[in-house]
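Lettering of chains follows the sequences in order, A, B, ..., and the numbering in each one begins at 1.
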There are 2 protein chains.
Amino acid sequence: MTLSEEDYIKIIYHLGKGEQGTVSTNAIAEKMETKPSSVSDMIKKLSEKGLVNYKKYQGVTLSEYGLKVALSIVRKHRLWEVFLVEKLEFSWDEVHEVAEQLEHIKSEKLIDMLDKHLGFPQIDPHGDPIPSKSGEFKKSIKRLLNEVPIGKEGICIGVKDSSPPFLKFLDKNKIALGDSIFVVDKEEFDGSLHIKIRDIDIRISDQIASNLYLRIIE
Amino acid sequence: MTLSEEDYIKIIYHLGKGEQGTVSTNAIAEKMETKPSSVSDMIKKLSEKGLVNYKKYQGVTLSEYGLKVALSIVRKHRLWEVFLVEKLEFSWDEVHEVAEQLEHIKSEKLIDMLDKHLGFPQIDPHGDPIPSKSGEFKKSIKRLLNEVPIGKEGICIGVKDSSPPFLKFLDKNKIALGDSIFVVDKEEFDGSLHIKIRDIDIRISDQIASNLYLRIIE
DNA sequence: ACAAATTTTTAGATTTGACTAAAATTTTTT
DNA sequence: AAAAAATTTTAGTCAAATCTAAAAATTTGT
Ligand SMILES: [Mn+2]
Ligand SMILES: [Mn+2]
Ligand SMILES: [Mn+2]
Ligand SMILES: [Mn+2]
């Protein structure tokens with residue numbers, strides 16, 4: 001598989017939300033930062049290779065084989081992200097671009113040993129689950145912070161918006177993965193939240209709360 | 001720079017033995033596993049980009065800029081090799097192929113932090129010196145262990161005597177290719193050596209030491 | 001010195017992945 | 001149910017990196 005083919009497969013996977021969804025040519029073109037006509041050409045090739053199911057004008061889905069390939073790339077991407085944060089002191093808003101390159105390195109042993117070196121992590125620095133070698137990954141029970149009931153507590157496991165400005169905000173406010181967040185109160189008027197994090201009470205807007213994923217403890 | 005251009009530059013560097021030597025089209029073709037005609041084309045391109053000095057039919061040398069690029073690639077290659085051996089439990093004969101891929105990853109921060117993570121190593125698992133960020137590095141030389149000065153360290157790169165008894169001895173004493181050996185002291189009386197290998201102190205006879213090749217710096 | 005052998009370069013073709021412009025198809029409006 | 005709009009595909013180019021075959025330059029052998 002070429003680097004370009006791998007990028008297409010990964011994008012089709014993400015646009016298909018994991019598995020089923022059929023994906024449009026235009027959507028792929030936008031993500032790939034290329035033209036729809038180029039996408040048509042590539043899809044034809046991927047289809048001939050058995051990586052995608054394709055009928056002209058009817059969108060595209062990953063084949064079983066294509067899904068396997070996609071999960072292997074996602075696995076590599078997320079393991080490298082963990083490596084960069086845990087071992088090389090990168091912060092979570094710096095890792096994606098480098099992982100985009102590292103995910104294409106071809107060596108089964110490399111990724112197995114990297115996994116071991118990192119202690120077989122289950123989630124990446126953005127809270128996304130890391131597929132196992134065989135392509136399974138446990139569905140984490142995510143809930144957006146603004147949907148967490150008052151009086152409940154949860155673990156911060158990820159973000160919906162992973163843009164640098166948002167990640168910077170979290171960093172500045174010392175909100176990080178693994179942190180426990182307790183919802184003290186919710187303001188009806190604007191949906192802003194009063195939360196307790198590391199024994200400190202802070203107030204966050206609905207906009208922030210609706211972009212933070214928690215895993216609810218019970 | 002494309003991946004292919006980087007490979008050409010690296011090969012021209014190695015064939016030119018570090019710096020001066022002018023390199024022939026045929027030699028490059030052989031190393032690149034391609035045809036001389038393809039090499040001619042690529043050299044023309046590298047010349048236009050100012051990476052090499054080139055006169056038709058007269059061979060090619062790296063420009064000052066090209067040398068800088070070459071050293072940066074060699075640095076990345078060797079740092080990744082150290083990483084694979086030191087952190088991921090690869091053996092010295094498994095790392096080259098993977099490093100050939102990793103050396104093309106583009107991120108200055110990545111390589112700086114990797115260097116730091118590894119403790120700023122001076123030599124790679126094959127005993128070759130690692131250029132500094134600014135492109136300086138020490139020359140490495142091959143020496144029989146009994147000719148290595150006290151206080152020096154080197155990588156075991158080969159044997160002079162490859163008879164079964166000798167290899168058995170090495171195996172029994174856990175001395176293997178790729179191991180780093182530090183010469184602690186030398187006994188004047190019989191020429192026997194006190195060495196440190198994998199943090200263990202052992203004593204070996206002159207007969208053993210005069211049949212083991214090390215690669216040392218400077 | 002000069003013919004033969006070798007090395008190197010050019011000419012022309014191929015493959016991959018992309019592009020523009022135009023045609024075909026599907027979807028949305030009226 | 002057309003007409004209009006949007007999406008998707010095809011047709012025809014292009015650039016990068018490669019190839020084969022042939023021409024040009026250099027080196028070698030007598
Ligand atoms: Mn990422
Ligand atoms: Mn991630
Ligand atoms: Mn190597
Ligand atoms: Mn090496």
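- Map Glu5(A) and Gln58(A) each onto its nearest nucleotide of DNA chain C; the residue landing nearer the 5' end is Glu5(A).
- Between Glu100(B) and Lys10(B) there is a salt bridge, since at least one side-chain N of the basic residue sits less than 4.0 Å from a carboxylate O of the acidic one.
- Summarising the geometry, the separation between CE on Met1(B) and P on dA16(D) is reported as 14 Å, rounded to the nearest angstrom.
- With sequence neighbours left out, the salt bridge (Lys or Arg N to Asp or Glu O under 4.0 Å) criterion links Glu153(B) to no other residue.
- In summary, Lys133(B) and Asp115(B) do not engage in a salt bridge, as defined by a charged side-chain N under 4.0 Å from a carboxylate O.
- Around NZ of Lys35(A), the count of heavy atoms belonging to other residues, nucleotides or ligands within 6.0 Å does not exceed 12.
- Heavy atoms of other residues, nucleotides or ligands lying less than 6.0 angstrom from NZ of Lys106(B) number more than 12.
- Taking atom CD1 on Ile28(A) and atom C1' on dT9(D), their separation rounds to 14 Å, with Å as the unit.
- Heavy atoms from other residues, nucleotides or ligands lying under 6.0 Å from NZ of Lys49(B) number more than 12.
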Report all interatomic pairs (protein N or O, nucleotide N or O of nucleotides 10-14 of chain D) with separations under 3.5 Å.
{"residue": "dT10(D)", "atom": "OP1", "partner": "Lys56(A)", "partner atom": "NZ", "Å": "2.5"}
{"residue": "dT10(D)", "atom": "OP2", "partner": "Lys44(A)", "partner atom": "NZ", "Å": "2.6"}

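- As a whole-Å value, the separation of Lys35(B) NZ from dA22(D) P is 15 Å.
- Ring centroid separation for the pair His77(B) and His96(B) comes in under the 6.0 Å cut-off.
- Between Ser4(B) and dA16(D) there is no side-chain polar atom (N or O) within less than 4.0 angstrom of OP1 or OP2.
- Atom P of nucleotide dT18(D) and atom CG of Leu46(B) are separated by 11 Å, given to the nearest angstrom.
- If you look at Tyr13(B) and Tyr8(B), their ring centroids are not closer than 6.0 Å.
- For the pair Lys49(B) NZ and dA16(D) C1', the interatomic distance rounds to 10 Å; values are reported in whole Å.
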Dump the pairs, protein N or O against N or O of nucleotides 5-7 of chain C, anything under 3.5 Å, distances to one decimal.
none

